[in-house]
Amino acid sequence: MYQSPYPSIEIPDTPLVPYVFQRAAALADKPALICGASGRQLTYGQLEKAIRQVACGLHAHGIRKGDVVGLVCPNVPDFAVVFYAVTTLGAICSTVNPIATAEEIGAQFADSEAVMLVTIPDLFEKCSAAARLASTVREIVVMGEVDGSTPYATLFTHGDAPPHVDINPAVDVCVLPYSSGTSGIPKGVMLTHRNLVANLAQCSAVGVGVNEQDVLLGVLPFFHIYGMVVIMGGALVQGATIVSLPRFELEQFLSVIQTRRITYANLVPPIVLALAKHPLVASYDLSSLRMILSGAAPLGAELADACAARLGCMVRQGYGLTETSPVTHFHPLESDVVDGGSVGPAIANTECRLVDPATSDDVAEGERGELWIRGPQVMKGYFNKPEATAACMTDDGWFKTGDVAVIDGRGWYSIVDRVKELIKYKGLQVAPAELEAVLLSNPLIADVAVIPVPDVEAGEVPKAFVVARGELSADQVMAFVAERVSPYKKVRQVEFVEAIPKSPSGKILRRLLVDRERAKQQS
Ligand code: 4UU
């Protein structure tokens with residue numbers, strides 16, 4: 001077992017909102033969030049008041065402690081208003097990718113038993129269709145005015161003093177993002193107020209390096225744990241300013257860094273790649289950038305160095321999972337040993353084990369093993385899925401990440417492989433089991449297995465091994481999936497095979513397919 005090299009910290013015993021907004025009163029006139037597309041701006045004072053008003057409005061519309069409210073919204077300043085208003089009431093915010101299909105959104109909110117959805121006008125139609133699949137949803141609130149919905153503005157008409165709610169930070173669930181974990185389809189990840197407060201406090205303690213003077217770029221989606229906690233929470237708790245962008249588009253992204261004098265950018269490896277290599281980058285003044293943090297997928301040392309050299313700024317890497325709120329490892333800012341390929345040591349209050357997944361024994365010093373984590377940021381469990389929870393959490397509090405890591409002499413970790421099913425497309429989760437279920441609904445497909453294959457731009461893309469039952473082309477297979485899933489989940493390679501390798505118990509032997517694919521790449 002390995003302890004964090006950092007001194008332990010006391011985790012504040014408070015719900016999320018008072019923790020995040022502890023400095024809001026002192027910074028009342030300072031911009032908290034600015035929309036990089038429309039220019040709409042909320043100061044800390046306006047944001048804090050809007051959160052209280054919307055909390056009153058949600059309460060007037062029947063939202064109570066423990067209720068799940070679904071948020072289907074791109075990165076706009078009001079995302080933060082709704083997010084923190086819901087959690088003010090002790091209700092639970094479940095976020096989803098706004099580009100998801102109606103079926104995907106419906107499936108998530110049926111599973112989470114959401115009672116209300118909050119969305120934007122452009123997504124109302126899709127949310128209505130989703131709500132027909134999720135029978136618990138009784139109201140849709142739209143940031144604007146659309147027939148058949150509750151206008152967001154009406155939530156502001158019920159005063160600004162929300163009722164007091166008793167929140168037990170260690171027990172009460174605060175957010176419910178979805179993750180497929182080590183196998184199967186996406187599951188609701190129950191993160192408590194304490195989980196999120198702990199992770200924000202842990203990140204400050206190890207010097208993630210955001211300070212009050214920083215202007216952060218909020219281009220990674222707030223619905224995902226990285227945007228939700230590391231960007232939105234991490235910036236607001238320090239009293240920094242976030243410039244949000246509803247989507248990634250290279251020219252707008254570069255122009256916003258230049259005009260808004262962005263100092264700190266939280267990114268994923270494909271965007272770091274564009275910054276290191278794309279010719280357009282040379283046409284912009286990006287000299288305000290002092291720090292780039294990459295996470296959600298592996299960042300190679302070469303790419304980190306190339307980006308740092310071209311822009312003259314620090315490039316660091318964090319590691320973690322939705323199930324760990326998310327940060328467990330962070331590459332220290334102050335360190336002069338620039339080792340871009342490592343994710344650094346474990347952050348404060350975080351214990352690690354490297355384990356042989358077959359035996360659950362710790363591996364020998366210096367060997368690779370499955371990374372297990374114990375700490376205050378580890379989730380309470382999956383919502384309504386006790387078996388899935390038991391499969392990845394031990395009785396004594398260890399969470400099994402499904403990632404394979406090694407630790408070096410300094411106590412720094414590198415993520416070297418994955419034993420779980422997950423595919424990461426540009427840092428976003430794609431669950432093989434979900435794509436396999438879609439493919440099996442095609443009568444011309446007898447059997448199928450989906451695995452990740454490496455891709456220079458996206459990191460990984462899904463590849464399907466298909467046993468066909470009749471005339472079927474690779475293009476037809478890809479089109480069939482593309483019509484039924486979010487664009488980022490598309491199957492991008494297909495290989496027809498005679499049979500899918502399976503264990504005697506019928507489990508797909510993915511590892512065999514992954515190894516075969518790797519051998520092919522190397523030859
Ligand atoms: C190799 O993507 C995330 C969390 C992202 C994050 C964490 C700490 C961003 C910034 C930060 O400081 O969560 P999920 O649940 O979407 O995906 C988790 C999986 C991990 O299990 C691992 O396989 O994403 C992969 N992953 C990484 N892999 C996440 N970060 C890394 C990394 N290197 N740095």
Side-chain angles (χ1 to χ4, degrees), residues 2-9 11 191 195-211 214 216-217 220 224-235 237-238 240 263-269 271-272 289-301 303-305 307-308 313-354 371-378 399 401 403 405-416 424 427:
Y2 302 99
Q3 302 289 342
S4 163
Y6 296 100
S8 286
I9 57 162
I11 308 300
L191 298 176
N195 287 147
L196 299 194
V197 169
N199 208 232
L200 291 169
Q202 290 170 299
C203 286
S204 317
V206 302
V208 164
V210 179
N211 60 48
D214 275 314
L216 280 87
L217 189 64
L220 300 183
H224 181 253
I225 197 72
Y226 185 1
M228 180 193 296
V229 178
V230 181
I231 305 179
M232 199 167 68
V237 76
Q238 300 300 337
T263 61
Y264 194 118
N266 298 82
L267 304 176
V268 287
I271 304 182
V272 179
L289 267 180
R290 65 175 188 87
M291 165 76 179
I292 289 174
L293 169 64
S294 174
L299 178 72
L303 177 53
D305 293 348
C307 182
C313 79
M314 285 187 281
V315 178
R316 296 286 186 264
Q317 177 160 203
Y319 161 84
L321 310 87
T322 306
E323 289 83 345
T324 57
S325 304
V327 187
T328 63
H329 290 71
F330 191 81
H331 185 154
L333 228 61
E334 311 78 21
S335 158
D336 44 344
V337 194
V338 180
D339 178 2
S342 163
V343 297
I347 61 174
N349 300 42
T350 301
E351 298 171 302
C352 298
R353 286 176 62 188
L354 293 176
L371 177 60
W372 290 17
I373 305 280
R374 188 161 67 181
Q377 72 272 54
V378 171
F399 167 71
T401 64
D403 290 310
V406 285
I407 180 170
D408 67 14
R410 297 169 300 173
W412 287 32
Y413 294 75
S414 294
I415 309 298
V416 292
K424 275 255 152 155

Could you please spell out the steps behind the side-chain contact (heavy atoms from CB on, under 4.5 Å) verdict for Q202 and S4? CA-CA 11 Å; Q202 290 170 299; S4 163; over 6 Å; no
Quick one, L354 with L371, criterion side-chain contact (heavy atoms from CB on, under 4.5 Å). Give me CA distance, side-chain angles, the key distance, then yes/no. CA-CA 5 Å; L354 293 176; L371 177 60; 3.9 Å; yes
Candidate pair V315 and L299, rule side-chain contact (heavy atoms from CB on, under 4.5 Å), full reasoning: CA-CA 10 Å; V315 178; L299 178 72; 3.9 Å; yes
Taking it one step at a time, do S414 and V343 satisfy side-chain contact (heavy atoms from CB on, under 4.5 Å)? CA-CA 6 Å; S414 294; V343 297; over 6 Å; no
Run the side chain to side chain donor-acceptor pair (under 3.5 Å) test on Q377 and T350 for me, step by step, so that the C-alpha distance in whole Å, both residues' side-chain angles and the decisive distance to 0.1 Å come before the verdict. CA-CA 8 Å; Q377 72 272 54; T350 301; 3.0 Å; yes
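In this structure, OG in S342 is found 9.5 Å from CD1 in I407, a value given to the nearest 0.5 Å. Atom CD1 of I11 is separated from atom CG of N195 by 10.0 Å, given to the nearest 0.5 angstrom. Atom CD1 of I231 sits about 4.0 Å away from atom CG of N266, to the nearest 0.5 Å. Interatomic distance, C307 SG to L267 CG, rounded to the nearest 0.5 Å: 7.5 Å. Note that CG of L321 is 6.5 Å distant from OG1 of T328, once rounded to the nearest 0.5 Å. Expressed to the nearest 0.5 Å, how far CE of M314 lies from CD1 of I292 amounts to 10.5 Å.
Listed here is the closest heavy atom pair of A405 and I415: CB-CD1, 4.1 Å. Here the closest non-hydrogen pair linking V229 and P326 is CB-CD, 3.9 Å. Nearest heavy atom pair, residue A296 against residue V268, reads CB-CG1, 4.0 Å.
Residues S325 and L191 have side chains in contact (heavy-atom distance under 4.5 Å, counting atoms from C-beta outward). Here the side chains of T324 and H329 are not in contact, with every heavy-atom distance at 4.5 Å or above. Inter-residue side-chain proximity for C203 and F330 is flagged as unmet; no heavy-atom pair is nearer than 4.5 Å.
With hydrogens and angles disregarded, no donor-acceptor distance shorter than 3.5 Å links the side chain of Q317 to the backbone of S294. Judged by distance alone, the side chain of N199 and the main-chain N or O of V327 form a donor-acceptor pair under 3.5 Å.
Here A240 pairs with V210, D214, L216, A235 under the side chain to side chain contact (heavy atoms under 4.5 Å, CB included) rule; sequence neighbours left out.
Checking each of Y319, Y413, W412 against H331 for a ring pair (Phe, Tyr, Trp, His ring centres under 6.0 Å) leaves exactly one that passes, namely W412.
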